[in-house]
Amino acid sequence: MPLKCLIFDCDGVILDSVPVKTRAFSRLAHPFGEAACKRFVEYHLSHGGVSRYKKFEWFFREVLGREITPTESKEWGRLFAEYALDEVRRCDLIPGIISVLAHWQTKLPLYVCSGAPHEELTSILQERQLDSYFTGIYGSPPAKAQLLAMIVDKAGILPKNALMVGDAVTDRNAAIEVGTLFYGTGPELKGGDFPWGPDLLELNAWIEKNIK
């Protein structure tokens, strides 16, 4: 099957920003005690690719026992950005990503499909001078599977001709739901029944070998 489109998550796939955002979630929950903080971090790490606002809702509902108000959600979003964004602007890139982007930029349309807020995502990739590699950059809302389906539709291709590259179960599940190919990276997805690498250093070689 010919490859006609490459789609990338951002945190943990383009930017090595997962640890930065984990610290931000921990800091948000810290005033509620160590146990609450631990639960929130564990939930965040097992739900990569999910909007931070959905994670805020989970914390208030499951840990604090009530629903978050719109004012609280907005304030937590502001605090999260305050805690994380400066570091995200400076964090390392995932090894191999520039080689992958440079190799495929003139051959295929490249897209970003991220759970980060759309405007923030676009701004950061522009600041990092990475936006020019991509045909389109898409963040939340909507949820990851809806975003991925939208990108495939915009590209005008069949899902089986697109490859999603992600580091979270949410990314894998979106690829399965939409019907795209999937390449996993990062520790969370190691050992699954799909191609995987600890970073993207081997992605070009895998594509050349396995997708004609």
Drop me the distance from [X]'s [atom1] to [Y]'s [atom2], to the nearest 0.5 angstrom.
X      : Y      : atom1 : atom2 : result
Gln105 : Tyr133 : CD    : OH    : 6.5 Å
Leu181 : Lys160 : CG    : NZ    : 10.0 Å
Ile7   : Asp171 : CD1   : CG    : 11.0 Å
Glu75  : Thr71  : CD    : OG1   : 9.5 Å
Asp167 : Asp199 : CG    : CG    : 12.0 Å
Lys54  : Thr170 : NZ    : OG1   : 13.0 Å

What residue pairs, at least two apart or across chains, pass side-chain hydrogen bond (donor to acceptor under 3.5 Å, both in side chains) with a residue in residues 14-32? Asp11-Ser17, Asp11-Lys21, Thr22-His44, Arg23-Glu87

Whether Tyr138 and His118 hold their rings parallel, tilted or perpendicular, with breakpoints at 30° and 60°: tilted

Inspect the contact between Arg39 and Glu42 and indicate whether a charged nitrogen and a carboxylate oxygen are less than 4.0 angstrom apart. no

Give a yes or no on whether a salt bridge exists between Glu34 and Lys38, defined as a side-chain N under 4.0 angstrom from a carboxylate O. no

For a side chain to side chain contact (heavy atoms under 4.5 Å, CB included) with Leu163, tell me which candidate from Trp206, Trp104, Phe8 qualifies. Trp206

Has Thr135 got a side-chain atom pairing as donor or acceptor with Tyr111's backbone, closer than 3.5 angstrom? no

Going hydrophobic residue to hydrophobic residue with side-chain gaps under 4.5 angstrom, can you get from [X] over to [Y]?
X      : Y      : answer
Leu6   : Tyr183 : yes
Val18  : Val13  : no
Val112 : Val20  : yes
Val100 : Ile98  : yes
Leu110 : Val178 : no

Using every non-hydrogen atom in the two residues, find where [X] and [Y] come nearest and quote the distance to one decimal.
X      : Y      : answer
Leu147 : Ser140 : CD1-N, 4.1 Å
Ser114 : Leu121 : CB-CD2, 3.7 Å
Val50  : Lys55  : O-CE, 3.5 Å

Who else is in the cluster with Phe40 when I, L, V, M, F, W and Y are joined by side-chain contacts under 4.5 Å? Phe25, Leu28, Phe32, Tyr43, Tyr53, Phe56, Trp58, Phe59, Phe60, Val63, Leu64, Ile68, Trp76, Leu79, Phe80, Tyr83

Should [X] and [Y] count as side-chain neighbours, where that means a heavy-atom distance under 4.5 Å?
X      : Y      : result
Asp9   : Lys144 : yes
Arg128 : Leu93  : yes
Leu15  : Ile124 : yes
Phe194 : Leu189 : yes
Leu158 : Lys4   : no
Arg61  : Glu67  : yes
Leu108 : Cys5   : no
Thr122 : Asp131 : no

Could you pull out all residues at least two apart from Asp153 that satisfy salt bridge (Lys or Arg N to Asp or Glu O under 4.0 Å)? none

Tell me, yes or no, whether the heavy-atom count around Glu57 atom CD, taken from other residues, nucleotides or ligands under 6.0 Å, exceeds 12. yes

